[in-house]
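In this chain, numbering begins with 1 at the start of the sequence shown.
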Amino acid sequence: MTREEMRMKRELKKAIEKDFLKPISKSHGYKIIGGTSYCVRDNWLYTISASNSYNAVRMIICVKPVVIDEIFWTVFEMKEEASKKPFSFHVNAAFVPWSFWLEEWRIPITAVEETELVLEQAFTDTDEKIAAYCKQIRTIQDFKELVQSHEPVNHLNCILCDIALGNIEGALAKTEEELSNKHSGGFASTQGGDIYKYIQRYCKSQL
């Protein structure tokens, strides 16, 4: 990257983060926390990330059902703590299941002066894309199938979906399979081990 490209990248980053992201995001009905825009549509959490290279604005949309966060916090024995937090805890908490990466796209930009116009177009695109996804992803089963269809599969989210669907036996079987294969679900705790250990105990308590 040349010096001019580096300068452009720095200036564009500043223009996005300091000047335009918050007001444009809010004008489209999104809330924002820690530089991440988000909205909830029928109990589905959509998060939007806006970043840049020196010659483009990069947009990413992710999604997850709000209920899998709540199940995760119950299983991980932090339901009471989470209940005291604002909704943005779903977006930026350290202990929260990952969202599914739906889509990424880039809009070319040739000058910092174009930032407002390009970011406005990016959020207009985002509105249209989320509206379309709301029609495609309507149930927990839809989400589970979406997660399963992309490698590497996020098995933790699939297990949380099974719990949400009431398939406790299936969730336990998958969890024990992951443990027997020495796979980690992450979110290790000194008090109770990997999240899979928490899920194993929780599922057994429900059967």
Side-chain angles (χ1 to χ4, degrees), residues 30-34 36-49 60-103 129-130 133-207:
Y30 300 98
K31 295 184 178 181
I32 189 165
I33 183 76
T36 298
S37 304
Y38 69 94
C39 65
V40 177
R41 299 286 185 269
D42 296 326
N43 292 316
W44 292 84
L45 172 63
Y46 288 88
T47 54
I48 303 98
S49 171
I60 298 171
I61 299 177
C62 299
V63 69
K64 64 180 171 180
V66 172
V67 69
I68 70 167
D69 287 348
E70 296 166 352
I71 290 170
F72 175 90
W73 292 329
T74 296
V75 168
F76 207 45
E77 300 173 7
M78 56 179 291
K79 181 178 180 179
E80 183 177 352
E81 176 188 350
S83 68
K84 299 175 183 176
K85 303 292 185 180
F87 184 86
S88 58
F89 198 60
H90 287 268
V91 179
N92 65 348
F95 294 101
V96 68
W98 292 344
S99 294
F100 181 82
W101 186 325
L102 284 170
E103 186 174 352
K129 291 175 185 293
I130 289 178
Y133 283 122
C134 286
K135 295 177 182 178
Q136 299 170 23
I137 311 167
R138 303 176 66 88
T139 68
I140 300 298
Q141 186 62 35
D142 291 340
F143 182 73
K144 181 183 175 184
E145 290 173 3
L146 184 65
V147 172
Q148 289 176 323
S149 68
H150 289 73
E151 294 290 344
V153 175
N154 185 327
H155 294 293
L156 173 59
N157 275 5
C158 291
I159 291 167
L160 293 171
C161 284
D162 276 333
I163 295 174
L165 291 165
N167 183 14
I168 304 299
E169 290 184 357
L172 178 58
K174 183 59 182 177
T175 299
E176 293 186 334
E177 178 186 342
E178 288 289 284
L179 287 169
S180 67
N181 290 327
K182 301 188 184 304
H183 293 165
S184 171
F187 305 102
S189 165
T190 55
Q191 297 180 351
D194 185 274
I195 183 61
Y196 284 151
K197 287 290 187 181
Y198 280 90
I199 294 175
Q200 184 183 48
R201 288 196 296 272
Y202 173 81
C203 288
K204 286 183 175 179
S205 75
Q206 300 300 303
L207 294 174

E178 CD to C158 SG distance, which is reported to the nearest 0.5 Å: 9.5 Å
Heavy-atom side-chain proximity of F95 to I195 below 4.5 angstrom: no
Rounded distance (nearest 0.5 Å) linking atom CZ of F87 with atom NZ of K31: 8.0 Å
Donor-acceptor contact present, side-chain N154 to main-chain L156, <3.5 Å: yes
Donor-acceptor pair, side chain of D194 and main chain of G185, under 3.5 angstrom: yes
Give every donor-acceptor pair under 3.5 Å between a side-chain atom in residues 159-175 and any protein atom, sequence neighbours left out.
unit_1: D162; atom_1: OD1; unit_2: K144; atom_2: NZ; d: 2.7
unit_1: D162; atom_1: OD2; unit_2: K144; atom_2: NZ; d: 3.3
unit_1: N167; atom_1: OD1; unit_2: G170; atom_2: N; d: 2.9
unit_1: T175; atom_1: OG1; unit_2: A171; atom_2: O; d: 2.7

Spacing of I32 atom CD1 and S88 atom OG [to the nearest 0.5 Å]: 12.0 Å
R41 side chain near I130 side chain, heavy-atom distance below 4.5 Å: yes
Centroid-centroid under 6.0 Å between F72 and W98 rings: no
Greater than 12 external heavy atoms within 6.0 Å of E80's CD: no
Ring pair (Phe, Tyr, Trp, His ring centres under 6.0 Å) between Y38 and Y46, worked out: CA-CA 6 Å; Y38 69 94; Y46 288 88; over 10 Å; no
Greater than 12 external heavy atoms within 6.0 Å of D42's CG: no
